[in-house]
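One structure below.
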Amino acid sequence: MEALLEKVKNNYSEKDVAFFTKAYLFAEQAHKGQMRLSGEPFFGHPHEVANILIDLGLDVSTAIAGLFHDIVEDTNVTLDQVREEFGPEIAKLVDGVTKVGRVDFSSKEEHQAENLRKMFLAMASDIRVILVKLADRMHNMRTLKFQSKDKQMEKAKETLEIYAPLAHRLGINTIKWELEDLALKYIDEQGYYEIAEKLTETRAERKEYINAVIEEIKKHLRAIKVEAEIEGRPKHIYSIYNKIHNKDRVFEEVYDLIAVRIIVKSVRDCYAVLGTVHTVWKPIPGRFKDYIAVPKQNMYQSIHTTVLGRDGRPFEVQIRTREMHSTAEYGIAAHWHYKEGASQNGDMDKKLSWLRELLEWQTDTRDSREFMESLKIDFFSDKVYVFTPKGDVKEFVLGATPLDFAYGIHSEIGNKCVGAKVNGKIVPLGYELKSGDIVEILTSSASKGPSRDWLKAVKTSQAKSKIRNWFRKEQKDENIAKGREMLEREARRKGYDFKTLFKTEWVKGVFKKFTLQSVDDMYAAVGYGGIATGQILTKLIEEYRKENKVEPDREISHHKARKQGDLSGVIVRGYDDMLVRFAKCCNPVPGDSIVGYVTRGRGVSVHRSDCSNVNTADFEQGRMIDVAWSKNEKSAYNVEIQVTADDRTGLIAEISNKLFNMGFSITSVNARMGKNSAAIIVIGLEISDISQLDDILKSMKGVSGVQDVFRIHK
Ligand code: MN
C-alpha cells in the first residue's frame, strides 16, 4: 500500500488522496480472506489495477473504480453501499464495470470479434469503464501463468481479439503493446521466444548503433537550435512477429528494428527536425508518413520516416510534440488526466467537444465510420448488441425487443414466436433488449402468427415489414373467408340463398363493374371492406329478378323473413335441400321449440311452436312439417327484448354498452315513454343460442333502475 499511496500523494490533490485512502481500506476489507490462484491475497489484483490506472494518469474516480472493480461480484458489498459511501459517480463506474464483466466476450467465431468489441463499447456507459476493464485485463494477462493451459489460450485469444484492438481504437498504445506481447507469449510461445531471443542477442549491438544515431541527431539539432528529447524506441515483439508472419519476412529483414523518437516543443520544430534528418540521411521512398497533417483515426499524430544510416542500415525516426506523445501513449485516457487539474473532472462538455472534434476529423473511409460508431458511447450510443444462445452477436437499434430479435433470425421464427427468454428468464415480448443479453426465442408450431400489437412492439423496420407481409398474405385468406360469409349472410337477410344468386354470368357482371379478377378477389374485397355486400348483391339480385321475373313487391315480403339454405342451422326432416327461412313474426333462435310450414314457392318457413300465427285457423295443418335445430351452426339470430326502467340520463347508453361488452351486436333500439314516466326500450339483438338470452335478461336486470325485462313474443 505504501508505494501506491506515495504515488497517489505525488499526483493527486489532498482531498483525492483522502478519498482514495478511504476506498483502499474499504476494498481491502471487503476482499479480506480471498486468494488468487498465485496464492497471493486477492486484493493484490484490484491494487494493481488501480496502480495501472494511476500510471495511465487517470482521475481519482477511475482509480477507485479500479479498486472496486470486483467488489460487487466477489464480495458482500452491494452497489447501494458503494453509492452511499462513495457517491453516485463511483457507483456508476463500478456498476458499468460489473455489467461489462458479466459478459462472456470470448468469441467462438473470428468474424464475431468486431461485433463483440462494439458490444463492449455499447455496454460501457462511460469510456472510463473500458479503461478499468483494460487495466483489469492487463493485470490478469501479467499473471496468466497461474491459470490452466486452456484458460491461458482462451484469455490470450480474447485479449488479441477484443482488448488489444479496443486499446488501439482508444489510442492507448502502452496498453495495446503490452497486451499483444503478453497474449502472443501464450498463443505462439515458440514464435514469441524466437524473436525475444534474437532481440536479446542483438541488444548490445543495437544499443550501440542507436546511441551513435542519437548523438549525431543531437549535434545537427544544436546547429539549428531546436531543443529535443531523443530516445531509442523499443520495438514490440508482436509487431515484429506480425511483420515476419504476415509479410513473409525473416527477422533480419524487418529493418525498422531500430527506431528513434524525437520529441520537440512545437509542430514547427517537428518539420524543422524532419528537414535536418532528410538532409543528413537518405530517406527510403514510400516510408515517409505525415500523421501530423493527417492524424490517424485514433487521434495519433507523429511524423514517420525511415532513412538509410551507416553501412546502408535503415532506421526509423518518429518526430512529434510532447502533447502528441502523450496522446500516442495514453490516447483517450490522456483526456482524463489528473495533471490537467482536478477542476476538469466531470467536465463533460469539454470531453464531449473533444469527442466531437475527433469525429469531425474523420475522413469518409469505411474504417473511420466504423471508428465513429465505436466511439458512440453513452451519449452517442444508439445500438444494442445481444447474444444468440449459441454465442453469436446480433446488432439492433436501441429499444429493440425480443420480437425484433426473432424476426432478425428468420421470418418464420418471428411468426411462430410465442415467448422469449433473456438470460434464462421469461420476459414479455415488449422487453427492451440490453447489450450483453442472451436471447432465446420460444416458438410453437401451433402459433397462429403475429398479432397486430406486435407492430407497436418492434423497433426495426425489418421486423415491421415482415409482420405486415404476414398480415397481407395471411389476411387475404382470412378476408376471402370473411367476405364470403358476409355475402352469404347478407343474401340470407335479403331472403335469398347466395348459391342461387351465384351464377357465373351474373358474377362476371360484378367483376366487370368492380374490375375484379377472380371470385377470391371479390370475396377479399368484401372481407376487408373495399366493396360493400349490398353493392354486389344489388347487382346479382337485379339479374335474378330479370331471369325469374320476380316483382319488386314480392321482394318486400322476402325481406320480412330470413331465409337460409342448408346452412341455416335447421334440418327439415325428410328433405335434404329445402329452402328454409325464419318467420319474422316470432324470430326463432336455436333452443326454441320450432315447427316448419311449407309455403307456396318460398320453401319452409320456421316458426316457434308457441307463435300465435301457427295456432290460427289460417294455418293449414297439412302443410306443417317437422324441423329441428342442427348442432353445428354459428349463425346469428334476431331477438327483441323489452326493458322497462326508471327514466334517467345515460340509461340507453349503459344498456347498449353492457350488451356490446358481452359481445352482442345490437340491430335496433327504440325507446318510448310508458306509464308512470317509465322508459320502455325495445332492443333488437343478434344471438346464436337461446341460452345467451338468459344471460342477457339477467344482465339487464342488473342495470340500475330496470324494473322488468323480457323477450318480445309477437
Ligand atoms: Mn479483475
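One-based numbering, in listed order, for ligands and for the atoms of each. Not measured: the values here are computed from a predicted model.
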If we only look closer than 2.8 Å, how many protein N, O or S atoms does the Mn ion (ligand 1) have near it?
4

Can the ring centres of Phe68 and Phe26 be said to be less than 6.0 Å apart?
yes

Under 4.5 Å between any side-chain heavy atoms of [X] and [Y], yes or no?
| X | Y | result |
| --- | --- | --- |
| Ile187 | Tyr192 | no |
| Thr401 | Lys459 | no |
| Gln29 | Tyr24 | no |

Side-chain donor-acceptor pair under 3.5 Å between Gln152 and Tyr186, yes or no?
no

Using the ring of each side chain (for Trp, its six-membered ring), is Phe42 parallel, tilted or perpendicular to His31, with breaks at 30° and 60°?
tilted

